[in-house]
Colleague: 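This is the structure, below, for whatever I ask next.
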Amino acid sequence: MTDISKIRISLAPMQGFSDVIYRSAISKIGGIDSFYAPYIKVENESIKPKSLADIAPEANDGIVVVPQVMANKATDILQVADAVKAMGYSELNWNLGCPFPMVAKRRLGAGLLPYTEVIESILTEVEAQSDVALSVKMRLGYLSADEIWPVLDVLNNHRIKEIIVHPRIGKQMYNGEADRSILPTIIEKSVHPVAFNGDIRTAEQARSLITENPTISHLMIGRGLLCNPFLASQIKGTEPNKFIKRNQLMNFVGTIAERQLDRLQGAGHFLQKMTTYWEYWSQMFADAHRALKTVKKCHTIEEYTDKVQDMVLGWELVI
Ligand SMILES: Cc1cc2nc3c(=O)[nH]c(=O)nc-3n(C[C@H](O)[C@H](O)[C@H](O)COP(=O)(O)O)c2cc1C
């Protein structure tokens with residue numbers, strides 16, 4: 001039987017969330033082995049300095065970061081691979097999962113999955129010109145889950161470090177459930193290691209997934225960790241006691257607020273950003289609705305700080 005405490009747990013790449021500030025703060029809670037940065041794009045032949053600053057090794061001290069690229073041209077992947085290799089990274093993750101229509105209609109993210117010949121030629125070129133260890137994060141398809149089979153055939157013929165599967169199709173966006181039932185067939189057909197991503201919200205769900213698929217050794221978790229920063233430690237059985245938990249939570253939300261305050265101009269921007277976090281963080285409380293409402297009603301930084309302290313130290317938690 002697989003020892004769940006040995007499973008690699010990673011924070012999923014999430015634009016607006018899995019940036020250096022969030023990665024650093026959540027890493028202090030423990031249980032997460034690696035952290036995927038939000039995707040990097042090449043626009044007008046260049047990479048935004050902000051994207052590279054986010055993964056600068058000195059800003060990510062002590063944590064394992066995996067950069068991600070969103071591209072549909074080998075030259076773009078090679079450009080990002082060179083940039084991240086120059087910073088000391090050996091792995092680059094290729095985003096073949098983003099479902100948003102604006103992205104997908106440009107044959108990027110999940111929108112590239114129906115075009116196996118393009119994927120094939122990109123991989124051939126990248127492989128010939130770079131020794132970067134490319135991993136792939138993908139959905140089952142864009143329009144249909146059958147699209148995955150020809151894509152797997154292509155991936156099987158190339159040097160891929162790992163395939164991280166989020167078993168939804170692009171058109172589904174985040175509707176319905178991640179289809180775990182397809183996982184054993186994907187594992188059987190793939191010559192590469194397969195990791196799982198999608199809808200893991202509780203330690204019990206992680207355990208049952210690993211029991212059903214004992215060859216899985218890597219779970220990538222996104223929204224589950226946004227709603228419950230202790231989820232990885234709960235899965236591994238290293239969760240702290242209630243007292244330590246409240247303290248860690250206070251440090252977590254406090255550090256993120258402090259660092260965002262340094263970065264953002266003015267209370268308005270700050271409160272707006274905090275509200276996007278609290279859309280998820282509110283789920284930690286028995287009264288999630290009231291928690292989110294409390295944050296939304298704050299008009300000043302001081303009010304926000306006081307209200308959040310009351311909530312984190314005093315309100316009933318469900319995590
Ligand atoms: C706000 C948000 C931003 C995301 N940004 C990215 C991204 O930059 N790259 C990527 O591959 N996936 C991105 N995703 C998808 C997640 O990495 C993950 O595949 C998805 O949320 C399903 O996993 P989960 O159910 O554990 O959240 C994003 C998801 C969310 C909710």
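Computation of the quantities below employed the complete heavy-atom set of this structure, encompassing side-chain atoms and omitting hydrogens, waters and symmetry-equivalent molecules. For ligands, and for the atoms within them, numbers begin at 1 and follow the listed sequence.
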Colleague: Kindly check if the number of other-residue, nucleotide or ligand heavy atoms within 6.0 Å of CD (E117) is above 12?
Modeller: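 Atom CD in E117 is crowded, with more than 12 foreign heavy atoms closer than 6.0 Å.
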Colleague: So that I know where these two stand, are F35 and Y22 an aromatic pair - ring centroids less than 6.0 Å apart?
Modeller: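 That pair fails the under 6.0 Å test.
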Colleague: Take Y39 and W94 through the test ring pair (Phe, Tyr, Trp, His ring centres under 6.0 Å) and record every step on the way to the result.
Modeller: CA-CA 8 Å; Y39 65 77; W94 187 16; over 10 Å; no
Colleague: Kindly tell me which protein residues have any non-hydrogen atom under 4.0 angstrom away from an atom of ligand 1, grouped by chain and ordered by number?
Modeller: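 Contacting ligand 1 under 4.0 Å are A12, P13, M14, Q15, F17, P38, Y39, Q68, N95, K137, H166, Y174, N197, G198, D199, I221, G222, R223, Y280.
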Colleague: Salt bridge or not for K236 and D33, using N-O below 4.0 Å?
Modeller: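 Salt bridge flag = yes for D33 with K236.
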Colleague: Can you classify the ring geometry of H218 versus Y36 as parallel (below 30°), tilted (30 to 60°) or perpendicular (above 60°)?
Modeller: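 The rings of H218 and Y36 lie parallel, inter-plane angle below 30°.
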Colleague: Answer yes if V66 and I77 sit in the same cluster of Ile, Leu, Val, Met, Phe, Trp and Tyr residues linked by side chain heavy atoms under 4.5 Å apart, and no otherwise.
Modeller: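 Each belongs to a different hydrophobic cluster.
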